[in-house]
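Read the structure below first, then the notes.
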Number of protein chains: 2
Amino acid sequence: MTRWLDDDEQHTWRGFLAVNRMLFERLERQLQTGAGMPHAYYEILVRLSETPGRTLRMSELATNAHSSRSRLSHAVARLEEMGWVRRKPCASDRRGALAELTDEGMAALVAAAPGHVEEVRAQLFDALSAEQVAALGEIYDTVLAHMALSHMAPSRTAGPHMTPAETNAGA
Amino acid sequence: MTRWLDDDEQHTWRGFLAVNRMLFERLERQLQTGAGMPHAYYEILVRLSETPGRTLRMSELATNAHSSRSRLSHAVARLEEMGWVRRKPCASDRRGALAELTDEGMAALVAAAPGHVEEVRAQLFDALSAEQVAALGEIYDTVLAHMALSHMAPSRTAGPHMTPAETNAGA
DNA sequence: TCAAACGTGTTGAGGGCTCAACTATTCCTA
DNA sequence: TAGGAATAGTTGAGCCCTCAACACGTTTGA
């Protein structure tokens, strides 16, 4: 019943896993030692910095930074301790909260950016041609569109993943 | 000085980040609720299951599963508690340790695999044509080859510690 | 031969994340 | 316009991971 991965899919999937783990490990290390923050925090600062007024509702920030509400709440608490973000009440909705990037936070981001971009370049883009970069971007767009759809469509039946080798595909 | 990302690169990079966070979030959730293990542990079980004798040296297992030694050590401790893996001394090198997949561990993997594969398919491969799958696999191969090289031939010019490099907006 | 260097694996502290439960506010509708 | 449902955000427990330090076995070279 299970639609196991064929050889091409298996190969691509293992490449995906390897690239992701290695790339993120290196990015995290670079950001942590070079700028004292994990990548998730960097992303939060970036999104705030791109917003006019450098201020966003928590929930909107969560969406932009691909974060859960809970994760963002913990993260902003930490970022507040560091003095990089400030919480403010939301005038139009008293349930809400606003997160505002402080000048110190902006400075931390400006200081972190060059080293981070260099690492992304060194690990990823330096390996790829312009055509490959474009192709990769299109593939990601396709996947994102698909994920957004499947998020609304229901019915997840049980099904399998990597073949446990010894059981053979049967497993 | 900084070689910022151009528009295509920026677009691809943001797609990469979005796909990765969403995909892993869904995979982790599926595996956790469906099989009671995080993806990192699933990967460890897979690598062991693929080895004749279902046994590997810790360091080799770490490499295969894209794990640090420390992470693997913690993980195997946990997997031992669950009864899915057993540690054994290594005869040829008394520093070493072997990790062996137990029958219970194999059963857990066989039970977990269908649901996991289905999720990978639903979230990723169902969105892509065979050509896209192949193209993606080649791109990952390229990146992996590049990463392996840059790992040995260092000379990261900017140095591991970046001085908060004053300048430039961007982010 | 034996000490220094190296390799292998473990440990514990600390931090980030998920999950579920919770408070507070706003929306919806009868 | 009250009451329930939905939304916004927070919190704490528990788990996983990283980092640095450690223990111990092996290799090397003077």
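Chain A is the first sequence line, chain B the second, and so forth, proteins listed ahead of strands; every chain is numbered from 1.
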Worksheet item: Under 4.0 angstrom, heavy atoms only, what part of the nucleic acid is A:S73 near: base, sugar-phosphate, or nothing?
Response: base
Margin query: Could you check whether any side-chain heavy atom of A:L144 comes within less than 4.5 Å of a side-chain heavy atom of B:M22, counting everything from C-beta outward?
Written below: yes
OP1, OP2 of C:dG9 versus side-chain N and O of B:R69: anything below 4.0 Å?
yes
message = Quick one, B:H116 and B:H39 - any side-chain contact, counting heavy atoms below 4.5 Å?
response = yes
Separation of C:dT10 atom C1' from B:M58 atom CE, nearest Å, is 9 Å
**Message:** Just by distance, no angles: are the side chains of B:Q10 and B:R14 close enough, under 3.5 Å, to form a donor-acceptor pair?
**Reply:** yes
Heavy-atom nearest pair, A:R121 first then B:D6, reads NH2-N, 4.5 Å
Check your understanding: Are A:M106 and A:V85 connected in the hydrophobic side-chain network, where two residues link if heavy atoms are under 4.5 Å apart?
Key -> yes
Do A:E43 and B:R21 have side-chain heavy atoms sitting under 4.5 Å apart?
yes
Do the side-chain N or O atoms of B:R94 get closer than 4.0 angstrom to the phosphate oxygens (OP1, OP2) of C:dG9?
no
Chain B vs DNA chain D, heavy-atom contacts under 4.0 Å, first-to-last nucleotide span, 5' to 3', is D:dC16 to D:dT26
Nucleotide by nucleotide, nucleotides 12-23 of chain C touches protein heavy atoms under 4.0 Å in the pattern (B base, S sugar-phosphate only, - none) B---SSBB----
* Asked: Mind checking whether A:F16 and B:F24 have parallel, tilted or perpendicular rings, split at 30° and 60°?
  -> parallel
Exercise. Are B:K88 and B:E100 within salt-bridge range, i.e. N to O under 4.0 Å?
Worked result: yes
